[in-house]
Amino acid sequence: MSDDCPICGCSTSSEIFRALRQPAMLNRLYASRIEALAARSVDLLFRRCDDAARCGFVWNAAFDPASVEYAPGYVNDQSQSPAFRAHLQRVRSRIAAAVQSVDGDILEIGCGQGGFLREICALTNRRGTGFDPAFDSTQNVIDESGECTRTDVTIHQQLFADESPHLIQRPISSVVCRHILEHLPDPMRVLQTAASTLADGGLLYVEVPCFDWIASHGAFFDLFNEHCTLFSKPSLHRALCDAGFSDIRIEHVFGGQYLAAQARLTVAAQGDVAPGSLATLGADSIRDAFLESRNAFGNELVTATDSHRVLIWGAGAKGVSLVNHLGLDVARVPALIDIHPHKQGRYVPISGQQVIAPNNIRQLARDDAPPVILVMNPNYLDEIERMLNDLNIEAVVRAVHGRISVALHR
């Protein structure tokens, strides 16, 4: 990727974060520690568009598309969490209400294993088409071409690209694109292709991480290779406008961590959007805040590991990113905890920790002190605390939240 903004084309940008030898893919785990330690690493160089008030798009200028491969075995599903399932239910209801006025099928770009797509189709009584190269056809009903085909849903095990609309045989009433654009070095191209599939008046729903939330919380661990592009409200609004959408509404969801955008393919007047909260904050200030936060986390965690067994709850991108950004090996953090069964027993890239189930925490506890468990996302604190109580596991639970690196919760 170049130093020119991929959204507005601005020729000037500023460095806001740099890191060396980070995992190329955080959500691809390994069968052995040896494989994990040898996983591919990359350098990160995040830049922000200097037109911060009208764009402020953020991208990894060092990103190499060849460093990532989305295929079966890539697991970033969060639906095991009750809190995240509640969020998905709100999204389904929102889309179902908005799509009623337009006839046609539902298209999901980056549908994973198709669970959300099937549920939204059942809720709206419509057919659906999905695209995802990480779709695992061995877990689903497939036809001779290798596609997942049911009476209501067809999933293509491939990226959604320029030629993808030719595979869609029926009119599309809505396009759903949840947590996909941040993985793409050229998100404009996918938005424009999505627009070409929609019927007049069709709905687009987009959900992406919010860079303003990341920066304002000093969440350096949310900067990693798989998320090569990051939006603020102004840059997302501009991208949707330039892709041909109007009636654009953008709001913060999931505790402010995500931006949810809803737009129509119509000739209606463009919707207004307030500038992002960091529109007037300089790149130097953002860069300094990330460095300050990373140093504070590192110092605190090293001190904590001297007297306690420290475990990370969450073997998704945040948890794997944290241990690698801070250079925490197995001696400092022996394991990551995750409730997803497909992650348990496997190993995270570069730093090499094994992922364990919650009921295995006792095996790693020290005799002289309860373990300290760092929860990577505060949205999951309540359900984690209930789970530990149900398992009768004594632990000090702290949330990784804001520049206060670990806040006592239990």
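Using bins of under 30°, 30° to 60° and over 60° for the plane-to-plane angle, the ring pair Phe84/His87 lands in the tilted bin. Relative ring orientation between Phe46 and Phe17 is described as tilted, the plane-to-plane angle lying within the 30° to 60° band. Taking the six-membered ring where tryptophan is involved, the planes of Tyr258 and Phe254 are essentially parallel, since the angle between them stays under 30° and well short of 60°. Ring geometry for Phe57 against Trp59 counts as parallel: the plane angle stays under 30°, on a 0 to 90° scale with 60° as the upper cut.
Under a cut-off of 6.0 angstrom, the local environment of CZ in Arg54 is sparse, with at most 12 non-hydrogen atoms contributed by other residues, nucleotides or ligands.
The existence of a salt bridge linking Arg332 and Asp329 is excluded, since no basic side-chain nitrogen approaches an acidic carboxylate oxygen closer than 4.0 Å. Under 4.0 Å is where a charged nitrogen must lie from a carboxylate oxygen, and between Arg48 and Asp50 no such pair does. Between Asp64 and Arg40 there is a salt bridge, since at least one side-chain N of the basic residue sits less than 4.0 Å from a carboxylate O of the acidic one.
In this structure the side chain of Leu230 reaches within 4.5 angstrom of the side chain of Ile214, judged on heavy atoms. Within the 4.5 Å cutoff, the side chain of Arg309 has heavy atoms near those of the Pro334 side chain. Side chains of His252 and Lys233 form a contact here, defined as non-hydrogen atoms less than 4.5 Å apart. Put simply, the side chain of Ile361 reaches to within 4.5 Å of the side chain of Ile373, judged on heavy atoms.
Cation-pi geometry between Arg346 and Tyr30 is not satisfied (NZ or CZ under 6.0 Å from the ring centre, within 45° of the ring normal).
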